[in-house]
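Convention: sequence-line order gives letters A, B, ...; per-chain numbering from 1. Not measured: the values here are computed from a predicted model.
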Amino acid sequence: MKPLCQIDKAMTLAAPRVRKKARPAKVVQKTAARKKTVRKRAAAKPPAPREPAPRAATLLAWYARHRRHLPWRARPSEPADPYRVWLSEIMLQQTTVKAVGPYFERFLARWPRLQDLASAPLEDVLKLWAGLGYYARARNLHVCARAIVERHGGAFPDTEDTLRTLPGIGAYTAAAIAAIAFGRKATPVDGNIERVIARLHAIETPLPAAKPLIHAHAQALTPARHAGDFAQAMMDLGASLCSPKRPACALCPWNDACAAHRRGDAETFPRKTPKANGALRRGAAYVAVRADGAILARVRPPAGLLGGMMEVPTTDWTHDFDERDALAHAPFKAAWQRVPGVVRHVFTHFPLELTVYRARAAAGARPPKDARWLPQHKIANEAFPNVMRKVIAHGISD
DNA sequence: GATCCGTGGAC
DNA sequence: TGTCCAAGGAT
């Protein structure tokens, strides 16, 4: 493999630009026997050379110039803060950098140190997390903070294996923290890195089956030193030049090493097996408004969908919801009125359609069991997920 | 391995 | 408008 690299490099430099319509797939899979033939023909028509092996140093040099400046990122040559790295990594799971920014700042301002977060009530953590989605992350964040204080004396574990034992920290996050915060040689592989590697090697195996292969390639590329910078460089590359839809291969520091680029169809990688979308679920939600404007609200069950978050009373959300049964599930007897229109919301695995009913309650009305009257001005700072904010807005509209 | 978990933005 | 996607983890 290594010796070929020298040959290929030489060929790349010597050969004229390869035609786009070449058949690189077959070139890659040439047998030793066929190579002879090709070499003979090479005099007349140079074969498509294989890509030179990608070099970590090449990417690190690019990173030094083009790295993003992010709130949780230490400046070059400054030590990383494990607390910040951890907090950001949890928030960034399946979430865009742009969305995380303000949440990260608010969390850090409210709980500057791990110990502060660990001693905070879960309720407060969920309030600050509201709107960011995937609320199990917030619950695990809280449990994790307490575990580090109790099991590790408040100091973050500095090895991948030990980090992996903490709630909310999986293979990716453990490797990311080990590499970025502690300089360990670890290889986190996120969606960005999967894409970069899949293109680099033109991997035809679709995700998620290709994960082990992709991880092996990423691991082979990881340098012994600066593994944290290397991981972040891979992610920055994937977030900027090596983007999902229209990769800017011309600007990529690794374009000479990229098999997919040579094929000319980098944007088609990684291959993916399509996942089925959930069927529509429907239900009714009840916005009860007391004379002083307070809204009837309750806390959802601690686990599962929107676990531990606030909601207004609703029916179950089912595929066969019957509108005619809606009033039978209202939280109390009243002159419920159906608010025209519906509230639509799309979760990861199913779309939801809620019809909203509204009723007024007397000033002294007692809340039903497990529910309470919430002053309207407090709604903004309570742990309502967005779907519930939509429902309330719809319910109190005219 | 397949499902369950939110949300907002880009195209 | 529909689809895809974003620094994944838990079960």
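Nearest-nucleotide positions on DNA chain C place A/Thr96 closer to the 5' end than the other of A/Thr96 and A/Ala174. In this structure, A/Leu305 and A/Ala99 both approach DNA chain B, and ranking their closest nucleotides by distance from the 5' end singles out A/Leu305. Where A/Ala209 and A/Val387 each meet DNA chain B at their nearest nucleotide, the meeting point lying more 5' is that of A/Ala209.
A close approach under 4.0 Å does not occur between any side-chain nitrogen or oxygen of A/His345 and OP1 or OP2 of B/dG6. Phosphate proximity of B/dT7 to A/Tyr135: present, with a side-chain N or O under 4.0 Å from OP1 or OP2. Distances shorter than 4.0 Å separate some side-chain N or O of A/His349 from OP1 or OP2 on B/dC5.
Using a 4.0 Å heavy-atom criterion, one finds that A/Leu306 contacts the sugar-phosphate atoms exclusively. Counting non-hydrogen atoms under 4.0 angstrom, A/Arg68 reaches a base of the nucleic acid. A/Leu352 comes within 4.0 angstrom of nothing in the nucleic acid, heavy atoms only. Here A/Arg195 lies in heavy-atom contact (under 4.0 Å) with sugar-phosphate atoms only. Heavy atoms of A/Leu132 sit under 4.0 angstrom from at least one base atom. Looking at heavy-atom distances under 4.0 Å, A/Trp129 makes no contact with the nucleic acid at all. At the heavy-atom level, A/Pro208 lies nowhere under 4.0 Å from the strands shown. In this structure, A/Gly131 reaches the sugar-phosphate backbone alone: every heavy-atom distance under 4.0 Å involves primed, P, OP1 or OP2 atoms, never a base. If you check every strand for non-hydrogen atoms under 4.0 Å, A/Ala171 touches sugar and phosphate atoms only. The residue A/Thr173 sits close only to the backbone: its heavy atoms come under 4.0 Å of sugar-phosphate atoms, none of a base.
For A/Thr159 and A/Asp161, the side-chain atoms include no donor-acceptor pair closer than 3.5 Å. Side-chain contact of A/Gln232 with A/Arg67: a donor-acceptor pair under 3.5 Å is absent, judged by distance alone. A donor-acceptor pair shorter than 3.5 Å can be found between the side chains of A/Asn192 and A/Arg195.
For the salt bridge (Lys or Arg N to Asp or Glu O under 4.0 Å) test with A/Glu382, the passing option among A/Arg372, A/Arg389, A/Arg298 is A/Arg372; the others fail.
Between C/dA7 and B/dC11, the two P atoms lie 15 Å apart (nearest whole Å). Distance noted for atom C1' between B/dG6 and C/dA6: 12 Å (whole Å). The C1' atoms of B/dG8 and C/dA10 are separated by 24 Å, rounded to the nearest whole Å. Taking atom C1' on both C/dC5 and B/dC5, the two are 16 Å apart, rounded to the nearest angstrom. Comparing the C1' positions of B/dG1 and C/dG9 gives an interatomic distance of 15 Å, to the nearest angstrom.
The distance between atom CD of A/Gln93 and atom P of C/dA7, rounded to the nearest whole Å, is 12 Å. In this structure, A/Leu126 places its CG atom 11 Å from P of B/dG6, rounding to the nearest Å. If you measure from atom NZ of A/Lys211 to atom C1' of C/dG8, you get 8 Å, rounded to the nearest angstrom. Straight-line distance from the OH atom of A/Tyr134 to the P atom of C/dT11: 16 Å, rounded to whole Å. Atom pair A/Tyr172:OH and C/dA6:P shows a separation of 12 Å (rounding to whole Å applied).
Going from atom CH2 of A/Trp317 over to atom CZ of A/Arg282 covers 14.0 Å, rounded to the nearest 0.5 Å. Taken from CH2 in A/Trp72 to CD in A/Glu89, the straight-line distance is 9.0 Å, to the nearest 0.5 Å.
For A/Thr95 against C/dG8, no side-chain N or O and base N or O form a donor-acceptor pair under 3.5 Å.
Side-chain atoms of A/Gln94 lie closest to C/dG8 of the nucleotides B/dC4, C/dG8, B/dG8. When distances are taken from the side chain of A/Pro385 to each of B/dT7, B/dG6, C/dA6, the shortest belongs to B/dT7. Among the nucleotides C/dC5, C/dG8, B/dT7, the one closest to the side chain of A/Lys272 is C/dC5.
When the shell of 6.0 Å around CG of A/Asp316 is examined, it contains 12 or fewer heavy atoms from other residues, nucleotides or ligands.
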